Every structure is written in structure tokens, then in C-alpha cells.
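A short worksheet on the structure shown next.
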Amino acid sequence: MADQLIIFDTTLRDGEQSPGASMTKDEKLRIARQLERLKVDVIEAGFAASSNGDFEAVQAIAAAIKDSTVCSLSRANDRDIARAAEALKSAARARIHTFIATSPLHMEKKLRMTPEQVLEQAKQSVRFARNLCGDIEFSPEDGYRSEMDFLCRVLETVIAEGATTVNVPDTVGYAVPELYGNFIRTLRERVPNSDKAIWSVHCHNDLGMAVANSLAGVKIGGARQVECTINGLGERAGNCSLEEIVMAVRTRKDYFGLDVAIDTKHIVPASRMVSQTTGFVVQPNKAVVGANAFAHASGIHQDGVLKARDTYEIMRAEDVGWSANKIVLGKLSGRNAFKQRLQELGVQLDSEAEVNAAFAKFKELADRKSEIFDEDILALVSDETVTDEQETYRLISLAQHSETGERPHAVVVFAAHGKEVRGESDGNGPVDASLKAIEAHVASGAEMVLYSVNAISGSTESQGEVTVRLQNSGRVVNGVGADPDIVVASAKAYLSALNKLQSKAERVAAQG
């Protein structure tokens, strides 16, 4: 029997730490359901003590998820751990993941604690957590840059106190595969009770080696859990990518000799959902989930693939959820077909009223474009999931005029704090004029740090998906809007970002 490799997904916690990638409770719940459909072993749902919003999201996910273990992060203190346990109360399977920094640099500069104090705090926190939950994970933050002797003492102590998983993070992405693999192996050899816990790896991608380092931790080091995110989402250069880890282990089972429980045909839908929810576009040449991952542009490659697919393809596109038949619905499709497609895409709307509202939007879109793709439906639902009560701003109508040699002009009518307002402005182009018309009334003072347009499917009839990233007083938010009209999509994205700026949720920063 091959060993099982545990897949621990932290898209909703570590992935969400990307600037602007924060998600609403409903968005997190939708992604968690998709992760459960993917058969992820452990879903790290958030950091319950960091904010009330995170607590509520962890609580909602714990109540909704039945097959995967639901995990909450907590710092190594009683308050955080108790908060995590409370959020996880209704989980079918719960895990508390507690951490404290162990590298000399972090202990001195960040914690201002001595090694002995850190050891004692790690010990007490795992003991406290163990009384609240049977499944405890411990991480020494910046573990890879910690001193070996001290790290061995800490890990031996927390295992003795009942930690069931010990995770050794490369928090700053400094590791190199062979060295990291040997580092994990040395720890396992030197910690006397190492066989009493599952060993885990969590690597960041600062040098582009997160997946390679994680696989080395598994193959050389003997780790049996990998912490990763959909699309490699995460702060700085991101995390180890779930889809790459899973397909590497599946494709090279001859080498790794490991099984994963993941249902790989749900990988691409999960990738799309995370991309459209956060506004972080997947690069076309991204392994497994990029648009070009299975496209053979070279004539020699095309010839080979036509004669025998395995000449150039080591995986089948359909195995990871790429669909050969991309057209799903059109204007004649009924409500039941639409509802069924929502279910297949992992979208669960809470009420019939929400389904009806989404279906009305779908019919409206179907009148404007003949073919509706999965991506269109996801974009349309993402657009509609923020309820009116949560919205400070909502687009009502937009008119703009642009002509060669003339300065573009836009008039935007939108709801602000429940009242209809009208803004107008000139600009360098129709998008600039429209956003200036909104800003003229709102006066948010936010700086736009990113504006990007992405075609949802391949034709000129496609919906455009626009991401707007705003920064204000140190807060960074992403707004996403979709519409066949790029200018309208831009206005929706800008208002979506302004709505997120309005929510004043303060969060505590977590470890990497």
C-alpha cells in the first residue's frame, strides 16, 4: 500500500494574505465547498482571533463542511486558541493550528523573548489546545532559519504535549530543495518521539522553489502533509501551489510512491473560482491551470499530439477539469438547467430569491451574447453575491461618449448609502472618465495601484472581467466587475473596491 499524502489547503488563510485578496464570508464559504468537492483533507478556514469577520467565516465553514477537516490558525496564547476552538465548535472534524516563531531573528526582533520563554509558551499553548481539540498542529514560524538543536527541543516538547502534526515552514522562501529535504530528515531523525506526529511542510515561493522544496520535504525528509494554496495564491511571491503538488505526485507516482485523495477533475473549477473571487488572474503559462497548459502551439508538437497524445502530454487535460465541450448554456436554457449548472460549479445560493436574481441576470446576459461559458456564470454570480444590505455603492446606469479628437465624457448613476446619485466627468478615455465621475461624488481619496482587464472567454463577444486595486490609509482591497461592456465592468469593479474599503474590519497579521 502506498502512503497517503495529506493535502492541507490554506487558500482561505495564507492565500487571503495577498494584498487585496481578502474575501467575504460568503465567498470563503463558496470556495470551502469547492475545496471539499476537490476532496482536500484539511481546509484552513482562517485565523479566528484576527477579526470578527474571520471568526464568523471559520464558524460558517465549520458548520457547512462535512468531509474535510476544518482548521483555524491561532497564535500560541490561550485567548487565540480558545477563540479558534469556539469557532470550530460545530465542525464534524476540527483542528487547531498554533504557531510561535523559533528563529533567533524572529525571537529577538519580533517576539522580544528568550528561547526558553518561547519553548515554555509553545509547550503551554499545545497543552491548552489539546484539552479543547483532539487534532492539534504546531508550527515553529520561520522554522527553516531556526537553530537545529533548539528546534529539536521545541518539536520534541510539543509532540510530548499532544501535537498530532508538526509543520516546519520556510516562511520567507529561503530554502533550496536538497537542503530543505535534508533539514526535515535531520529533524525527524533527531527528535526522539518524531514517529508520534505527522510531519508537514509549508513553503513560500520567493525563489520560485516552493513546489520543489515541498516535494523534497516529502521525498527526502519523509513529510506526509503539504500545505498549499489554489493557484499558489499568497503574499509576496505566493505559496506552494496545490495543483502542481497534486499532479506531480499523481504523474510521478513511480518516483514518489504516494497516493492523494484529491478528485483532480475539480482542480480547474477551483482555480477559476479563486481567480474570479480574488481578482488574481492566472498567468496563461501557469502549470496545470493556465490557459496554455495544454495548448500546443508548435507545429511539431501539434503533429505529435495528433498522432499519439503521450508524445508531449504527460497529463490529460480532462483529468484536471479542462472541458472539451466548453459551451454550456444559451438564451433558451431554462431555470432548472441553470440551477443544475450552478451546482456543478460548486455555487450554492442560500435562497430561491438569490437563484431567481442570478437567473434573471443570466437571461439578461444571454440576450447580449449567444454562448454562456462556465466562467461567465461564475463571474455573474460573483457580481451578484454581495447583497444590497452590505453594499454602500451599487451601479445603476452608465452613459459615456468617446470620439477621436474629442475628450471622452461619462455620466454614471449609482446608489450611495441608499440614495441615487449622479456623477459626471471628462477623462483621458471612457474608463478614466467613468471612474472619475464616481470618485467626484464619493471622494474616497483612494489611490489606484492596479487596473487590469481580462477576457473571460475567447471571443470579442466575451465578458470582460476588470480588477481594480485601491489603497487607502495602508489598506489594500481588490474589486472585481464583469460585463460584456468593459467600461461598465470597470465601473462595477471600482464600486466593488469602494464597498470593501467601507468595511472597516481590522485584522491581526498571521505568520507565513
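Please read all numbers here as calculations on a predicted model, not as lab measurements.
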Q. Parallel, tilted or perpendicular: which fits the ring planes of Phe183 and Tyr144, with parallel below 30° and perpendicular above 60°?
A. perpendicular
**Q.** Phe138/Phe99 aromatic ring centres below 6.0 Å
**A.** no
Q) Partners of Ser496 by side-chain hydrogen bond (donor to acceptor under 3.5 Å, both in side chains), sequence neighbours excluded? A) none
Q.
Test side-chain hydrogen bond (donor to acceptor under 3.5 Å, both in side chains) on Ser271 and Asn231; report intermediate values, then the result.
A. CA-CA 6 Å; Ser271 168; Asn231 300 338; 2.7 Å; yes
Closest heavy-atom pair and its distance - [X], [Y]:
X      : Y      : value
Val58  : Ala87  : CG1-CB, 3.7 Å
Ala76  : Ile100 : CB-CB, 4.0 Å
Lys500 : Ser22  : NZ-O, 3.8 Å
Ala497 : Leu470 : CB-CD1, 3.6 Å

Q.
Pair Ser200, Gln225 - check side-chain hydrogen bond (donor to acceptor under 3.5 Å, both in side chains), show working.
A. CA-CA 4 Å; Ser200 169; Gln225 175 178 286; 3.0 Å; yes
[Y] versus [X], side-chain donor and acceptor atoms under 3.5 Å:
X      : Y      : result
Thr10  : Glu44  : yes
Gln124 : Glu120 : yes
Ser74  : His97  : no
Asp14  : His202 : yes
Thr102 : Ser146 : yes
Glu116 : Thr114 : no

Q) Does atom NZ of Lys109 have more than 12 heavy-atom neighbours from other groups under 6.0 Å away? A) no
Q) Within a reach of under 6.0 Å around NZ of Lys286, are more than 12 heavy atoms found that belong to other residues, nucleotides or ligands? A) yes
(Q) What I'd like to find out is whether the side chain of Val289 reaches to under 4.5 Å of the side chain of Val320, using heavy atoms alone. (A) no
Give, for atom [atom1] of [X] and atom [atom2] of [Y], the distance between the pair rounded to the nearest 0.5 Å.
X      : Y      : atom1 : atom2 : value
Ile81  : Leu73  : CD1   : CG    : 10.5 Å
Leu242 : Ile267 : CG    : CD1   : 6.5 Å
Tyr180 : Asn213 : OH    : CG    : 7.5 Å
Ile230 : Ile31  : CD1   : CD1   : 8.5 Å

Q | Candidate pair Ile65 and Asp67, rule side-chain contact (heavy atoms from CB on, under 4.5 Å), full reasoning | A | CA-CA 6 Å; Ile65 298 302; Asp67 298 332; 5.7 Å; no
Is [Y] paired with [X] through a side-chain N to carboxylate O contact shorter than 4.0 Å?
X      : Y      : value
Lys253 : Asp259 : yes
Arg13  : Glu227 : no
Asp26  : Lys28  : no
Glu156 : Arg190 : no
Asp80  : Arg83  : no

Q: Give the intermediate values and the outcome of side-chain contact (heavy atoms from CB on, under 4.5 Å) for residues Thr69 and Asp41.
A: CA-CA 6 Å; Thr69 296; Asp41 299 289; over 6 Å; no
Q: Start with the C-alpha distance between Arg475 and Asn472, add both sets of side-chain angles, then the distance that settles side-chain hydrogen bond (donor to acceptor under 3.5 Å, both in side chains), and finish with yes or no.
A: CA-CA 5 Å; Arg475 286 191 70 204; Asn472 195 11; over 6 Å; no
For residues 157-164, which side-chain N or O atoms pair as donor and acceptor with protein atoms under 3.5 Å away, sequence neighbours left out?
unit_1 : atom_1 : unit_2 : atom_2 : d
Thr157 : OG1    : Arg153 : O      : 2.7
Glu161 : OE1    : Arg127 : NE     : 3.0
Glu161 : OE2    : Arg127 : NH2    : 2.8
Thr164 : OG1    : Asp135 : OD1    : 3.1
Thr164 : OG1    : Ile136 : N      : 3.0
Thr164 : OG1    : Ile136 : O      : 2.9

